Amino acid sequence: MRKLFLFLINLCSLSLIFTFTSCREKSASAQASKAEKITVLASVFPAYDWARNLAAGSDNVSVDLLLKDGVDLHSYQPSAKDIVKISTADIFIYVGGESDQWVGDALKNAGNENQIVINLMEVLKGFVKEEEVVEGMQAEDNEHEEGELHMSELADHLHDKSEFDEHVWLSLNNAIASSNEIARALMEKDESNAQIYMANLVSYVQALSSLKEAYANEFGGKTIIVCDRFPFRYLTDEFGIKYYAAFVGCSAETEASFETIAFLSKKCQELDAKAVFVTESADKKIARTVISSANREGLPVITLDSMQSVTLKQAKKGADYLNIMRSNLEALK
């Protein structure tokens with residue numbers, strides 16, 4: 001009986017050792033599998049969401065957002081942790097404009113020879129637009145001793161500096177071209193799942209094209225007044241929408257001059273505007289002043305979303321590029 005008891009104890013011990021070893025092996029295997037995932041890092045939300053949709057259904061890809069806390073692209077400065085993320089990513093997607101000048105040094109020091117880097121403004125070469133100055137637009141305070149430049153002077157100033165509009169994602173055509181490039185990178189990095197990425201690309205491009213058609217059917221010859229900076233040039237140009245705005249798209253200005261307010265108020269009256277627009281981050285102060293100066297109390301102030309401040313938390317709760325662009329369509333209607 002004693003021998004049988006000892007035998008059972010030894011058997012149980014062996015079983016526990018085997019179970020523990022098996023669990024450790026499974027855990028190590030899971031960690032290895034996780035470590036082997038293809039990492040995609042996007043600097044801005046639209047590129048993150050394109051990559052997320054194109055990688056859907058594949059367990060081999062992990063997609064992350066660099067500006068995850070809603071930091072504005074124009075004022076972002078990478079931390080040491082961000083630089084490490086960039087240097088270790090298998091695929092890194094960034095805008096490539098003036099605000100991204102720091103990226104060159106980060107990539108140079110990365111030493112990641114197999115990394116695929118997607119510079120959106122390089123991908124869209126030929127379709128990238130310079131900052132545009134329209135009648136009534138206000139200059140940056142630090143660009144003129146009086147805080148103002150006449151329209152022709154400001155246009156010459158911007159042209160000389162070759163300041164390009166970085167908000168390339170607000171064109172649906174650009175979204176289609178960028179998605180093609182991201183899908184190509186995924187297929188290059190993970191040939192075994194190329195069919196998944198191709199199928200996702202076809203489906204996503206169809207959705208983008210359908211939305212583009214909805215925009216095209218709605219607009220043409222319309223004019224909008226934006227009491228804010230104007231990052232929507234790619235969108236308005238694509239569908240023939242004319243606009244007046246307080247500042248250029250990459251402006252850091254928040255206070256409008258008397259001349260700017262007066263001009264937008266006059267346009268509000270001339271065009272018999274049914275609403276004025278602001279971006280998602282505006283406090284609406286300029287818009288309210290324009291409405292009051294135009295004697296149009298009660299005129300709606302409608303938000304257009306430029307997607308510059310979407311957080312990773314919002315993305316995980318359902319915010320996505322297509323839905324935001326659909327919301328912008330409804331707002332413009």
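Predicted, not measured: the structure shown is a model, and the values here were computed from it.
Residue K333 places its NZ atom among more than 12 non-hydrogen atoms of other residues, nucleotides or ligands, all under 6.0 Å distant. By the 6.0 Å contact criterion, CE on M187 is enclosed, its count of non-hydrogen atoms from other residues, nucleotides or ligands being greater than 12.
Closest non-hydrogen pair, V134 versus A245, comes out as CG2-N, 4.3 Å. Nearest heavy atom pair, residue L235 against residue M325, reads CD1-CE, 4.0 Å.
Salt-bridge formation is not detected for the pair R233/E131: no Lys NZ or Arg NE/NH1/NH2 atom is positioned less than 4.0 Å from an Asp or Glu carboxylate oxygen. A salt bridge links R296 to D272: at least one charged side-chain nitrogen sits closer than 4.0 Å to a carboxylate oxygen.
Annotation: side chain of F230 is not in contact with side chain of E132 (no heavy-atom distance under 4.5 Å). For the pair V226 and F277, the minimum side-chain heavy-atom distance is below 4.5 Å. You'll find the side chain of F219 stays beyond 4.5 Å of the side chain of T236, heavy atoms only. Using a 4.5 Å cut-off on side-chain heavy atoms (C-beta onward), M307 and E280 make no contact. Taking 4.5 Å as the limit, some side-chain heavy atom of L312 sits within range of a side-chain heavy atom of D64. Annotation: side chain of E181 is not in contact with side chain of I93 (no heavy-atom distance under 4.5 Å).
Taken from CZ in R229 to OG1 in T279, the straight-line distance is 6.0 Å, to the nearest 0.5 Å. Rounded to the nearest 0.5 angstrom, I302 CD1 and K284 NZ are separated by 9.5 Å.
The closest donor-acceptor contact from the side chain of Q138 to the backbone of S257 lies under 3.5 Å. Put simply, the side chain of E218 never gets that close to the backbone of L329: no donor and acceptor are under 3.5 Å apart. Side chain of N200 to main chain of L54: a donor-acceptor pair is present (N/O by atom type, distance under 3.5 Å, no hydrogens or angles).
Ring-plane geometry between F45 and Y48 is classed as tilted, the angle between the planes lying from 30 to 60 degrees on a 0 to 90 degree scale.
Here the two rings, on F232 and Y243, have centers that are 6.0 Å apart or farther.
Applying the side chain to side chain donor-acceptor pair (under 3.5 Å) test to pairs two or more places apart or on separate chains, those with a residue in residues 202-215 are N173-K212.
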Give the C-alpha distance, both sets of side-chain angles, the deciding distance and a yes or no for side chain to side chain contact (heavy atoms under 4.5 Å, CB included) between I196 and L186. CA-CA 10 Å; I196 292 177; L186 287 169; over 6 Å; no
Side chain to side chain contact (heavy atoms under 4.5 Å, CB included) for K189 and N60? Distances and angles first, verdict last. CA-CA 10 Å; K189 281 292 183 183; N60 287 6; over 6 Å; no
Go through the steps for R326 and E330 under the test salt bridge (Lys or Arg N to Asp or Glu O under 4.0 Å), then give the verdict. CA-CA 6 Å; R326 288 187 188 107; E330 293 305 314; over 6 Å; no
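No single ILVMFWY cluster, assembled from side-chain heavy atoms under 4.5 Å apart, contains both L264 and L304. Both I118 and V128 belong to a common hydrophobic cluster when Ile, Leu, Val, Met, Phe, Trp and Tyr are linked at side-chain heavy-atom distances under 4.5 angstrom.
In the model, S281 has no side-chain atom that pairs as donor or acceptor with a side-chain atom of Q308 under 3.5 Å. Counting only N and O atoms by type, the side chains of S192 and D190 include a donor and acceptor under 3.5 Å apart. Using modelled atom types, one finds no donor on one side chain facing an acceptor on the other under 3.5 Å when comparing Y234 with N174.
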